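One structure below.
We count ligands from 1, going down the list as the structure has it; atoms in each ligand are counted the same way. Remember, predicted model here, so these are calculated numbers, not experimental data.
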Amino acid sequence: MPEPGKTAGKLRFAVIGAGMAGLLAGIKLKQRGETFTVYEKGDRLGGTWRENRYPGLTCDVPAHAYTYSFEPYAEWRAFYATGPEIQTYFEMTAEKYGILPHIRFNNEVTGCQWDEAQACWHLRIGAQETAIADVLIVASGVLHHPNVPEIPGLESFQGLAFHSARWDDAAPLDGARVGVIGNGSTGVQLVTALSTRAARVVHFQRSPQWIMPVPYFEYSEEEREAFRKDPGLIEAIRNNKEYWESIFRFTRAITDSHGEDIAAIEKICLENLETSVRDPVLREKLRPDYRAACKRLIYSWSYYEAAQRPAVVTERVGISAIEPAGVRLQDGTLHALDTLVLATGFHADRFIRPTEVLGRNGISLDTAWCPRPTAHYAITLPDFPNFFMLNGPTGPVGNFSLIDIAERQWDYIEQLLALLRDGSCRAIAPRHSAHEAYEARRIAAAKNTIFGSGCKSWYLDATGVPSSWPWSYEAFAAAMKAPQLAEFQLEIPANTGK
Ligand code: NA7
């Protein structure tokens with residue numbers, strides 16, 4: 001007899017998160033006629049594109065590459081897409097593929113517990129509700145938990161102060177005095193956008209950034225019409241040889257910190273600084289003092305121009321405190337402000353947490369992830385059977401499309417799901433020995449990447465080791481083509497006698 005709610009031979013799937021990756025999982029499951037529910041704690045889908053609404057929000061991966069491979073989009077207005085456009089794309093795609101009825105909005109998964117006897121997961125939804133799933137697809141995002149800095153006096157600020165991912169529409173911007181703390185992709189995009197709107201933008205930069213110049217152009221209506229008529233034109237952009245070569249060069253650069261590829265990237269960025277920034281004092285303020293690509297490279301066609309606009313003040317002196325009137329620097333200067341934006345990044349090591357996840361023998365994810373979050377080939381975890389992560393710990397990060405990464409990860413997951421579907425096993429998780437060997441190899445390689453060359457960034461785990469895929473893009477693509485089944489422990493159904 002199947003357990004309650006289960007049709008014989010049918011797996012029940014729970015997808016956690018309705019962002020880019022959760023939506024991908026939903027589409028793939030729907031196409032196979034699977035039984036699934038997507039749990040989303042917010043009231044809209046879109047993940048990071050729902051949460052971030054700051055002025056200037058743009059994806060730094062070319063728009064036609066930041067789309068699902070099976071759903072090209074002719075309507076992008078420019079080579080790089082804005083946040084609202086991307087949000088619209090995901091909403092339209094969810095509707096087109098019939099995913100919306102499967103999403104339970106405002107439903108936070110607060111707990112997941114593995115049931116060894118039944119080989120299924122018991123989910124707690126919100127405070128009281130429960131659900132059962134044979135397979136968990138964890139697509140809960142990476143840059144999701146805002147890092148709010150502990151700066152003395154922050155609560156005393158009289159104007160509006162908020163994190164960039166918690167945008168306050170009431171905040172004065174036009175003609176106002178706006179402070180931006182933080183100089184990652186968010187801070188740079190924000191300052192660029194505000195440079196033509198605010199009376200004064202004070203950009204508090206603890207670390208200057210490497211700025212990679214990139215082309216920017218808008219697609220004309222004629223071009224969009226051509227894309228609509230012939231999606232092959234979009235495919236040609238996605239498969240553009242130069243684009244892929246730049247990705248391969250980038251991953252070679254990050255994996256070989258003494259190689260010629262990273263030297264070439266540094267040279268391009270430095271030339272950009274020298275030729276774009278006219279004032280020598282500002283140029284020195286903006287000159288990075290660590291290796292290029294150690295932090296995520298900033299791709300921008302307009303930041304240096306924005307930084308030279310009269311409204312923009314680039315401040316490199318450290319912050320001593322926040323006062324009711326504004327930000328006080330360590331040299332005693334007070335920058336009086338109306339609005340203060342904390343573009344200070346995210347706690348990138350949380351993943352699905354604070355959801356309480358208990359695997360085999362009650363082992364918690366917190367325990368399994370001490371001292372660092374790990375996953376076998378960034379997807380599965382020993383002791384957590386039928387638990388598959390998309391864009392989980394140690395996956396590739398860098399200046400390329402995470403949609404492409406998630407799609408390749410899904411291909412890998414599909415091959416493991418096939419074993420559950422055809423009854424070869426009822427539970428699957430990587431063996432400890434295989435995962436430990438993999439992690440040892442990964443950590444050794446990660447320490448030699450450019451991410452480990454001495455700067456501080458969200459790419460590092462709590463022990464200072466880069467938490468990303470440390471090998472080439474090609475190696476990742478090859479690994480995703482075929483999971484090494486010998487590395488997995490398969491639990492065989494008792495009644496098959498296998
Ligand atoms: P990031 O890239 O993590 O950048 C955070 C920025 O905030 C960075 O410049 C930090 O300086 C700065 N920061 C953090 N805490 C403080 C304090 N306490 N005081 C001053 N400055 C601080 O986050 P983003 O949101 O810009 O981008 C995240 C990703 O989103 C990005 O990589 C893309 O993948 C999309 P630091 O460099 O540590 O000196």
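- Counting only residues at least two apart or in different chains, disulfide (SG to SG under 2.5 Å) contacts with residues 168-205 are absent.
- A heavy-atom cutoff of 4.0 Å around ligand 1 is satisfied by the protein residues L143, N147, P149, I181, G182, N183, G184, S185, T186, R206, S207, K295, R296, A343, T344, G345, F346, K456, W458.
- Rounding to the nearest 0.5 angstrom, the gap separating the CZ atom in F36 from the CD1 atom in I103 is 8.5 Å.
- Between Y68 and F70, the two ring planes are parallel [angle under 30°; tilted spans 30° to 60°].
- Taking every heavy atom of both residues into account, L297 and W210 meet most closely at CD2-CB, 3.7 Å.
- Considering only residues two or more places apart in sequence or on other chains, C294 meets the disulfide (SG to SG under 2.5 Å) condition with C455.
- Residue pairs satisfying the ring-ring contact (aromatic ring centres under 6.0 Å, His included) criterion with at least one member in residues 181-208, sequence neighbours excluded, are listed as follows: F204-H335.
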